[in-house]
Amino acid sequence: MTAHILDGKKLAAEIRVEVKKGVAEMKATTGTVPGLAVVLVGDNPASKVYVGQKEKACLEAGFASFLHRLPASTPQGELLGLIERLNGDPSVHGILVQLPLPPQIDPDMVIAAIKPEKDVDGFHPVNVGRLMAGLPCCEPCTPKGIMRLLEETGLPIEGKEAVIIGRSNIVGKPVALMLLSKSATVTICHSKTRDLATHARRADILVAAIGKPRFVTADMVKEGAVVIDVGINRLDEGLVGDVDYGPVSEKASWITPVPGGVGPMTIAMLLENTLHQARKPEA
Ligand code: NDP
């Protein structure tokens, strides 16, 4: 079997067109321009790239974009002060603090300081709790993008074996909850999992969010599985996912490429979340 490609770049472009229309409609009917504030502390090269991509996408969609670049030495109190100001600024509907943060800053405190109604990343404990409880919430961008990609396959999720490799708060755990809410039977694997390949081989839906280049090899994949590669690994040869793409695409029924799979969807979901928050009366 040769896999169909789950083209995240194409789907993300379609979503961005829809968001742009939504922004224009909002401007025309209410006079409000949705605003996203992005805060970058320090100069982590990957973070700079992500922030640049987010700002560009924001402007293309017609949002107001407020970029705050702070030096790596910024004290935590100063960052919390900025967040407080952004929380109270009516032109800002979404606040995103790019992670990771420098060591003197506690990311949990910073995330908790963002007003949940302005948390477009879906990382605030209120949104995490609501996701856990199955209540409406701002869903985190990468897992939400993964679910959209799975929808694109047209395959049902109910009753399927879903195996997620990785248990981070930003990808592994939330995508597990979202798959569970669609009635998949979910297994979460991590670095202490014994005989990981046996778990992986059971998967109808296999999500790799590990951060290790080409970790998932063809022998770990069931014939016909849907394979979602979240990994972004920067090697000399370029960007590489967590899945050994060539051999795995000979076995999978659907697969996301890297780049051009989950990555562009993450940004599209960020825009969608920002528009959604801006539409809420309390934002
Ligand atoms: P984390 O480093 O937070 O988590 C990695 C997870 O992989 C951990 O749960 C870890 O297990 C697990 N893991 C590590 N080594 C192994 C192993 N040998 N066997 C099994 N499990 C292992 O990463 P993130 O979730 O933040 O990101 C994962 C990848 O996805 C990265 O490449 C990142 O760049 C990418 N990413 C891509 C995004 C996109 O938009 N495309 C967005 C976010 C991330 P344990 O918990 O036991 O340590």
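The first residue in the sequence is number 1, and the count goes up from there. The basis for the numbers below is simple: all heavy atoms, side chains too, and nothing from hydrogens, waters or symmetry mates. Remember, it's 1-based here, ligands and their atoms both numbered in the order they're listed.
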Enquirer: Testing the basics here: between Met269 and Lys144, what is the closest heavy-atom pair and its distance to 0.1 Å?
Expert: SD-CG, 3.6 Å

Enquirer: Is a side-chain donor or acceptor of Asp244 paired with a backbone partner of Arg214 at a separation under 3.5 angstrom?
Expert: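 Answer holds: no.
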
Enquirer: With no hydrogens and no angle check, is any side-chain donor or acceptor of Lys160 less than 3.5 Å from a backbone partner on Pro156?
Expert: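 Yes, Lys160 side chain to Pro156 backbone: donor-acceptor pair under 3.5 Å.
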
Enquirer: Closest heavy-atom contact between Val227 and Val248?
Expert: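 Taking Val227 first and Val248 second, the nearest heavy atoms are CG2-CG1, 4.1 Å.
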
Enquirer: Under 4.5 Å between any side-chain heavy atoms of Leu235 and Pro213, yes or no?
Expert: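 Answer yes - side chains close enough.
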
Enquirer: Quick check for students: name every N or O atom pair between ligand 1 and the protein closer than 3.5 Å, with distances.
Expert:
unit_1, atom_1, unit_2, atom_2, d
ligand 1, 9 (O), Arg167, N, 2.8
ligand 1, 11 (O), Ser191, N, 3.2
ligand 1, 21 (N), Ser191, N, 3.2
ligand 1, 25 (O), Ser168, OG, 2.5
ligand 1, 30 (O), Val230, O, 3.4
ligand 1, 32 (O), Ile232, N, 3.0
ligand 1, 32 (O), Ile232, O, 3.4
ligand 1, 40 (O), Thr266, OG1, 2.7
ligand 1, 41 (N), Val230, O, 3.4
ligand 1, 46 (O), Arg167, NE, 2.7
ligand 1, 47 (O), Arg167, NE, 3.3
ligand 1, 47 (O), Arg167, NH2, 2.8
ligand 1, 47 (O), Ser191, N, 3.1
ligand 1, 47 (O), Ser191, OG, 2.5

Enquirer: With no hydrogens and no angle check, is any side-chain donor or acceptor of Lys115 less than 3.5 Å from a backbone partner on Glu84?
Expert: no

